[in-house]
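Read through the structure below, which is laid out as structure tokens, and then see the notes.
What's counted below: heavy atoms across the whole structure, side chains too, no hydrogens, waters or symmetry copies. In what follows, residues are counted from 1 in the order of the sequence shown. In this text the structure is predicted, and so the values were computed from the model without any measurement. Both counts, for ligands and for their atoms, begin at 1 and track the order of listing.
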Amino acid sequence: MRFIPALLLTGAMLLSGAGSAGAQEVVESLRGGAPITETSRLDAMFRPEKDQDLIPRNFQKQPPLIPHSIKGYNITQNFNKCMDCHSRERAEETGATKVAKSHYLDREDKKLSNISPRRYFCMQCHVPQFDAKPLVENTYKPAAKKGE
Ligand code: HEC
Ligand code: HEC
């Protein structure tokens, strides 16, 4: 009868007035209590940062964060604005980092002449840098590099 201690505990907490808030810290989402239809807070949340220095990557295979504004950089069926600067062909001229070689491979690791459909929607993996406070504490530390 394992559930009994839990029931007793809940009862005791209610009696002592501890309630759920005291027992467990509630994490408030970025939107807070605002209803999803209320956009004013969203505007503040998604305030794009100005172009800035790169935030260093935390581990080798991390998709790098985007260090520039992406306002108006649309991706449609026929045109990918990101690739307009980041493709192999355009990178030298635009000064953008070439997309990684992995972005030209299909799932069998076969080389493609154009961006792989698996990598077409850049924002699936790359997000702009934000000065956002973490909602919960994060104690992640990258593993030591080889030889360190
Ligand atoms: C007008 C040209 C241009 C467009 C369009 C553009 N970028 Fe960039 N991007 C750059 C340049 C230039 C840099 C290098 C900035 C630097 O090194 O400080 C860069 C850097 C980056 C980086 C960081 C790479 C690294 O070395 O860590 C990422 C990720 C990135 N862009 C993603 C994107 C995505 C996703 C889009 C589309 C939503 C996009 N970019 C559209 C010019 C562009
Ligand atoms: C499925 C996830 C995913 C998608 C989609 C994706 N990337 Fe990446 N990207 C990564 C990862 C992971 C890395 C770093 C590891 C690597 O090199 O593959 C990376 C690396 C990069 C780099 C840095 C390359 C370097 O040499 O340091 C650039 C620039 C970049 N991506 C741009 C883009 C652009 C532009 C698009 C859209 C056309 C895109 N990525 C789509 C996951 C993704």
For Met83, the atoms of ligand 2 under 4.0 Å from one of its heavy atoms are 38 (C)
Ligand 1 atoms nearer than 4.0 angstrom to some heavy atom of Ile70 are 38 (C)
Scan the protein's non-hydrogen atoms and note whether one is under 4.0 Å from atom 16 (C) of ligand 1.
no
- prompt: Has Asn80 got any heavy atom lying under 4.0 angstrom from an atom of ligand 1?
  reply: no
Ranking Gly72, Ser69, Ala96 by closest non-hydrogen atom to atom 42 (C) of ligand 1, top hit is Ala96
Restricting to heavy atoms, the pick from Cys85, Pro67, Pro56 nearest atom 2 (C) of ligand 1 would be Cys85
Exercise. Under 4.5 Å between side-chain heavy atoms, hopping through other hydrophobics if needed: is there a path connecting Phe130 to Leu65?
Worked result: no
query = Would you call Val99 and Arg119 a side-chain contact if the rule is heavy atoms closer than 4.5 Å?
reply = no
Determine whether a donor-acceptor pair (N or O, by modelled atom type, separation under 3.5 Å) exists between the side chain of Asp51 and the backbone of Ser69.
yes
Arg118 heavy atoms within 4.0 Å reach ligand 2 at atoms 5 (C)
Contacts of Phe79 meeting side-chain contact (heavy atoms from CB on, under 4.5 Å) (sequence neighbours excluded), chain-then-number -> Thr76, Lys81, Asp84
Practice prompt. Return a yes/no value: protein heavy atom under 4.0 Å from atom 40 (N) of ligand 1?
Written response: yes
protein heavy-atom neighbour closest to atom 29 (C) of ligand 2 works out as Thr97 O, 3.5 Å
| query | With a 4.5 Å heavy-atom cut-off, do Asp53 and Pro67 have their side chains touching? | reply | no
In terms of its nearest heavy atom to atom 12 (C) of ligand 2, the top option of Gln60, Lys61, His86 is Lys61
In this structure, OG of Ser102 is separated from CZ of Arg118 (nearest 0.5 Å) by 8.5 Å
Verdict with reasoning, Asn80 to His86, per side chain to side chain contact (heavy atoms under 4.5 Å, CB included) | CA-CA 10 Å; Asn80 186 321; His86 282 278; over 6 Å; no
So for Lys98 against ligand 2, with non-hydrogen atoms under 4.0 Å, the contacting part is backbone
**Item:** Verdict with reasoning, Asn58 to Lys141, per side chain to side chain contact (heavy atoms under 4.5 Å, CB included)
**Value:** CA-CA 8 Å; Asn58 287 315; Lys141 283 199 184 62; over 6 Å; no
Nearest non-hydrogen protein atom to atom 27 (O) of ligand 2, with distance, is Arg57 NH2, 2.9 Å
| Parallel, tilted or perpendicular: which describes the rings of Phe59 and Tyr140, with under 30° parallel and over 60° perpendicular? | perpendicular
Any donor-acceptor N/O pair, Gln129 side chain to Gln52 backbone, under 3.5 Å: no
Q. Any donor and acceptor pair, going by atom type alone, linking the side chain of Ser116 with main-chain N or O of Leu105 inside 3.5 Å?
A. yes
**Q.** Within-cut-off N or O pair, Thr94 and ligand 1, under 3.5 Å
**A.** no
Quick note on ligand 2: atoms under 4.0 Å from a heavy atom of Phe121 include exactly 5 (C)
Next on the checklist: I'd like to know if the side chain of Tyr104 reaches the main chain of Arg88, judged simply by a donor and an acceptor atom lying under 3.5 Å from each other, with no hydrogens or angles considered.
Outcome noted: yes
The reported gap from NE2 in His126 to CD1 in Ile70 (rounded to nearest 0.5 angstrom) is 11.5 Å
The answer for which part of Asp84 has a heavy atom under 4.0 Å from ligand 1 is neither
re atom 14 (C) of ligand 2, the protein heavy-atom contact at minimum distance is Gln62 O, 3.5 Å
Glu89 atom CD, neighbour heavy-atom count above 12 within 6.0 Å: yes
Nearest non-hydrogen contact to atom 34 (C) of ligand 1 from the set Pro128, Ala91, Gly95, Cys82 belongs to Cys82
Taken by chain and residue number, the protein N/O/S atoms under 2.8 Å from atom 8 (Fe) of ligand 2 read His103 NE2, His126 NE2
